[in-house]
Participant: 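Next up is a structure, given as structure tokens.
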Protein chains: 2
Amino acid sequence: MENVQFVDNISFLEPLPDELKEKLSKMVLTKNVAKGDVLFQENDIAETIFFVNNGKIKISKSSPGGKEIVLDIRKAGEIFPEVALFSKEETTYSASASVVEFGSISMIRKADLESILLQYPELFIFIFRTMAERLRLSQNTLQNVALYGKIGSLAFTLVRLCQDYGEVNEHGITIRLKLTHEDLGSFFGATRESVTRMMNQLKNRGIVSKENGYFTVHELDSLKFYID
Amino acid sequence: MENVQFVDNISFLEPLPDELKEKLSKMVLTKNVAKGDVLFQENDIAETIFFVNNGKIKISKSSPGGKEIVLDIRKAGEIFPEVALFSKEETTYSASASVVEFGSISMIRKADLESILLQYPELFIFIFRTMAERLRLSQNTLQNVALYGKIGSLAFTLVRLCQDYGEVNEHGITIRLKLTHEDLGSFFGATRESVTRMMNQLKNRGIVSKENGYFTVHELDSLKFYID
DNA sequence: GACGGGCAGTGATTTCAATCACTGCTGATG
DNA sequence: CATCAGCAGTGATTGAAATCACTGCCCGTC
């Protein structure tokens, strides 16, 4: 069954008693998604919560002028948007979600997941913690963008991506996400050209390099130096 | 009793059954605080959660260079830092808290409040919602700082302060918080001089004015125009 | 193997905001 | 009521990053 597979993909559901797992499985709808697919847009009514079984989902907000800020990229095993849980009827999503790497997602109605959470506080606590981490991240990013300049924000973003998507190897930490300079800039509001210039600095100092589309950080500590 | 008073001050505790209220009252310590008092610093071990009975508490992060970013100002009836609840042992506060308007606060051990929350899911949901709102706010601020310039951020900050601290009167909405230009700038990372120049623009256009230390917004819609 | 699209690199210029260096005002305090 | 501290206002200058306008490269595909 598709949906039995789903429960196994999402590790934090593991501690659930079999009975609840069964129940959950019946509540979700699983489907494949392709790069570029839009799961929801900012201001749509928030009725559905998503689990990522596979692939990568970009959570972002954009301005009428076409500029975009990426709040997060969710990967297998993660849930989004937790922020919509337990919100009032008619609350809207506060960001958009689109697929950046094809995969599979499972969808559940907000109210259904809420009732499961109330039956199983351990899960509720897990989601609470997840949201607390997002809040910390968002506030840290804000601090960087507001207090340190663009280079500080770039360094912060690279460190963060190393944590979430880093793969340690003999050269350092490789970020397992295909990213252009423009993509990087959209994490903190810098233009492609600015990112290019800043990355050249980092490259010349031997801190970062790029090979076939993936960035590798050679000196994580030097990056942290830029942050404070 | 001090602590019976405390429970009445915090409106979201109201739906609690008397028995739990009683229990809570025994767990909290209430004390008066004066302007400038520091309740905790970033990186202190997070063991205590606070309720504001009275007064205003500033939640902020600062840089080694002495610059500061204000994440929020909490007022009577609010709780902080929710983000620390259910965190692992030894987790530290991610921001500092200091008193900007004297008043009274009640303190409770993190673990004690957690156990109450688990016994009373309605409260847990309330806190969850509060945190979701903070996350939205933080992400919106980030969007503003990164995508719209400083004027956009200033406008956003004024709108936000109107919502949280606004008092509607014949002239418009007066923000019931004593704020200097420097204070305003610290919400989004601008210097005093920049805020002065931008505020002059807004003043000349009749959008905002300041009388004995309090800002009044005359045209909220014009401000929103700066945001998008 | 030629073509075209998407991304990176780079110089020149402009724009926005920080910084520096003052003056002026106001309200609290001895 | 004189003094002083803290905040606001303002011009000049500097600096960081955006914008504009290109060139060059790599890679997929026709």
Participant: Are the charged groups of A/Glu101 and A/Lys35 less than 4.0 angstrom apart, N to O?
Facilitator: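 Looking at A/Glu101 and A/Lys35, the cut-off is not met.
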Participant: Hey, does A/Lys203 reach any base, or is it just sugar-phosphate, or nothing, if we go heavy atoms under 4.0 Å?
Facilitator: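 Sugar-phosphate contact only.
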Participant: Which part of the nucleic acid, if any, lies within reach of A/Lys210 when heavy atoms closer than 4.0 Å are counted: base, sugar-phosphate only, or nothing?
Facilitator: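 The answer is sugar-phosphate, as A/Lys210 gets under 4.0 Å only of primed atoms, P, OP1 or OP2.
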Participant: Does B/Asp72 come within less than 4.0 Å of B/Arg160, counting only side-chain N to carboxylate O?
Facilitator: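 A salt bridge is present here (some side-chain N lies under 4.0 Å from a carboxylate O).
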Participant: How many Å lie between CE on B/Met198 and C1' on D/dA8, as a whole number?
Facilitator: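 Atom-to-atom, B/Met198 to D/dA8, this comes out as 14 Å.
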Participant: Parallel, tilted or perpendicular: which fits the ring planes of A/Phe128 and B/Phe86, with parallel below 30° and perpendicular above 60°?
Facilitator: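 A/Phe128 and B/Phe86: perpendicular rings.
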Participant: Measure from CG on B/Asn212 to C1' on D/dG6 and round the result to the nearest Å.
Facilitator: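 Those two atoms, CG and C1', are 17 Å apart.
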Participant: Where the side chain of A/Arg197 is defined as all heavy atoms beyond and including C-beta, which of C/dC20, D/dA17, C/dA12 is the nearest nucleotide?
Facilitator: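 When the side chain of A/Arg197 is considered, C/dA12 is the closest of C/dC20, D/dA17, C/dA12.
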Participant: Just checking B/Phe187 against B/Phe156, ring centres under 6.0 Å apart?
Facilitator: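 Judged by ring-centre distance (under 6.0 Å), B/Phe187 and B/Phe156 do not meet the cut-off.
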Participant: Using a cut-off of less than 4.0 Å, is there contact between a side-chain N or O of A/Thr196 and OP1 or OP2 of C/dA8?
Facilitator: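 For A/Thr196, the contact criterion (side-chain N or O under 4.0 Å from OP1 or OP2 of C/dA8) is not met.
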Participant: Which nucleotide, C/dA21, D/dT19, D/dC7, lies nearest any side-chain atom of B/Glu193?
Facilitator: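 Nearest to the side-chain atoms of B/Glu193, counting from C-beta on, is C/dA21.
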Participant: Determine whether any donor atom in the side chain of B/Arg192 lies under 3.5 Å from an acceptor atom in the base of D/dA8, or the reverse, and answer yes or no.
Facilitator: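 Indeed there is one.
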Participant: Give the rounded distance in Å between these two atoms: CD of A/Glu182 and C1' of D/dA18.
Facilitator: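 My rounded result for the distance is 14 Å.
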Participant: With a cut-off of less than 4.0 Å, is there a side-chain N or O of A/Thr191 near OP1 or OP2 of D/dA17?
Facilitator: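 A/Thr191 to D/dA17 OP1/OP2: no side-chain N or O under 4.0 Å.
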Participant: For a quick test of reading the model: is some side-chain N or O of A/Lys150 closer than 4.0 Å to OP1 or OP2 of D/dA18?
Facilitator: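 Yes, A/Lys150 has a side-chain N/O under 4.0 Å of OP1/OP2 on D/dA18.
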Participant: Considering every strand and a 4.0 Å limit on heavy-atom distances, what is the contact class for B/Gly189: base, sugar-phosphate, or nothing?
Facilitator: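 Sugar-phosphate, backbone atoms only, no base.
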Participant: Whole Å only: how far is the CZ atom of A/Phe215 from the P atom of C/dC7?
Facilitator: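 It works out to 12 Å between those atoms.
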